[in-house]
Structure formats: C-alpha cells, structure tokens
Amino acid sequence: MFIQTEPTPNPDALKFLPGRGVAEGAGMAFHDPASAAASPLAHALFGLHGVAGVFFGPDHVAVTRTPQGPDWTQLKPHVLTTIMDHFVSGAPLLREGATGAEHAASDDDDEVVREIKALLDSRVRPAVAQDGGDILFDAFDAQTGVLTLRMRGACAGCPSSTATLKAGVEQMMRHYVPEVTSVEAAL
C-alpha cells in the first residue's frame, strides 16, 4: 500500500491519501482522544505524541498536529505507519454501533436552510475537501441573516479559514441566497 501526502493551507495539518475510500458522506472529525474512541484508526492516531485532530474525508485522512509538538519530519512517518497498519489489517473505520453522520438535510429545515445546505454540498464542501477539511451548517438566524458554519479537519484552526469564509463562502452565499447577510465560524 502506498499512501500519498499533500500539504494543506493549514501548516499544522497534512492530508494522507491511502488510494482507497475512507469515509462516506460528510466525513468524520475527531477533536480529542475521547471522541476518537469511536474509531480504531482515530484512536491509534491520537495515541501518537503530537496529534491534535483527525478528520476522515471521502478519500483521505487529515491529521492536525499540536503546534508545540513534534514537527512533521518527526510525526509524519508514525502517522503513515499507523494509517497503513489500519488499512492493511482490514479493521473497520468505526467501531460497531458508532456513527459518523452529523450532516443531513432535515424535513424540518425551512426553504432557505435547505438552499444553504444544498449549496454547501454542491459547491463549498468539495472545494474545501481538496484542502483536507470540511464545512458544515451550524445555524442560520433568519432575523439577522447570519449563517454560522463549523470548520472541520485541516480547516479548523487554519490561519486562512477566516479569509475562506469571508472572501469565498460569504460572497457565494450572499449571491445565491440573498437572505444570507454574513457568514461566521461557529466557536
């Protein structure tokens, strides 16, 4: 098995491409060892000194390191070995009973929210996935027009994520969904 790596706009995150599907749907983010318990691979990655976050995308694993931890020249070989060992073993991505689903359109969504989610799914999320991250709908305040989105994977904590939200996502949303006046990152 050959795993390619790609840099991301976040200097503390790398994208690992195992050459096979990783996660279906919206992907899965793990921010700490407790949340990683749902996945044998995420759990193993958090066992490495310096791992601060793990994100499973459709065809990649994005790993975020702690800024004060080991640099990528030290950490990368351990991450590669952990990912390779997991996929070669044939172990499941998630433990039995665990689910990674957290982004789905709901029948309870109003028309504007459905429109926002459709635009996120068709235009924004595929572009952001190329950088090893994901953006999910968090909330829309119809009174103020403020759309709140959650950044995940390499996008969470990325220095350029604010520019991505304001210069890219906000302009697109305001163009296609006039009810949106501003886009903010969820805290």
Side-chain angles (χ1 to χ4, degrees), residues 1-103 120-121 123-136 149-165 168-169 185-186:
M1 170 177 244
F2 178 73
I3 300 173
Q4 294 180 309
T5 60
E6 291 181 0
T8 71
N10 182 348
D12 290 326
L14 276 180
K15 186 174 166 183
F16 296 84
L17 297 119
R20 57 168 288 177
V22 177
E24 295 180 20
M28 294 167 261
F30 304 93
H31 307 288
D32 55 41
S35 65
S39 166
L41 177 54
H43 180 74
L45 289 167
F46 269 102
L48 301 174
H49 174 66
V51 172
V54 175
F55 176 75
F56 299 145
D59 64 349
H60 67 274
V61 176
V63 176
T64 305
R65 70 176 192 90
T66 56
Q68 66 278 10
D71 65 19
W72 280 117
T73 58
Q74 296 170 311
L75 185 57
K76 182 177 168 182
H78 299 290
V79 172
L80 284 166
T81 299
T82 302
I83 293 171
M84 186 177 314
D85 288 349
H86 174 81
F87 285 115
V88 169
S89 76
L93 192 61
L94 294 175
R95 297 191 196 285
E96 191 171 322
T99 177
E102 53 177 298
H103 175 80
L120 283 171
D121 287 343
R123 300 238 179 156
V124 178
R125 295 179 70 225
V128 173
Q130 292 178 350
D131 288 334
D134 197 10
I135 296 181
L136 294 180
L149 302 173
R150 265 185 297 142
M151 309 291 275
R152 303 190 316 165
C155 294
C158 177
S160 62
S161 65
T162 301
T164 299
L165 279 179
V169 178

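Index from 1, following the sequence. Heavy-atom basis, side chains included; hydrogens, waters and symmetry copies ignored.
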So the side chain to side chain donor-acceptor pair (under 3.5 Å) pairs with at least one residue in residues 51-71 (sequence neighbours excluded) are D12-R65, D71-T73
Does some side-chain heavy atom of F30 sit less than 4.5 Å from a side-chain heavy atom of H43?
no
Extract all donor-acceptor atom pairs below 3.5 Å that involve side chains of residues 77-84 and protein atoms in other chains or at least two apart in sequence.
residue : atom : partner : partner atom : Å
T81     : OG1  : P77     : O            : 2.9
T82     : OG1  : H78     : O            : 2.8

Say you draw a straight line from CG of L136 to CZ of R125; how long is it, rounded to the nearest 0.5 Å?
5.5 Å
CG of L149 to CG of L120, rounded to nearest 0.5 Å, is 5.5 Å
Please enumerate all residues that pass side chain to side chain contact (heavy atoms under 4.5 Å, CB included) together with V128, with sequence neighbours excluded.
V124, I135, C155
Sequence neighbours excluded, every pair satisfying salt bridge (Lys or Arg N to Asp or Glu O under 4.0 Å) that has a member inside residues 27-36:
none
Under the side chain to side chain contact (heavy atoms under 4.5 Å, CB included) test, which residues partner H86, sequence neighbours left out?
P40, L41, A91, L93
Intermediate values then yes/no, side chain to side chain contact (heavy atoms under 4.5 Å, CB included), V61 and L45
CA-CA 10 Å; V61 176; L45 289 167; 4.0 Å; yes
Taking only residues two or more places apart in sequence, or in another chain, which ones meet P9 in a side chain to side chain contact (heavy atoms under 4.5 Å, CB included)?
D131, C158, S160
From the list V51, L14, T5, side chain to side chain contact (heavy atoms under 4.5 Å, CB included) partner of V63 resolves to V51
Distance from F56 atom CZ to R152 atom CZ, nearest 0.5 Å?
11.5 Å
Heavy-atom donor-acceptor pair, T8 side chain to G132 backbone, under 3.5 Å
no
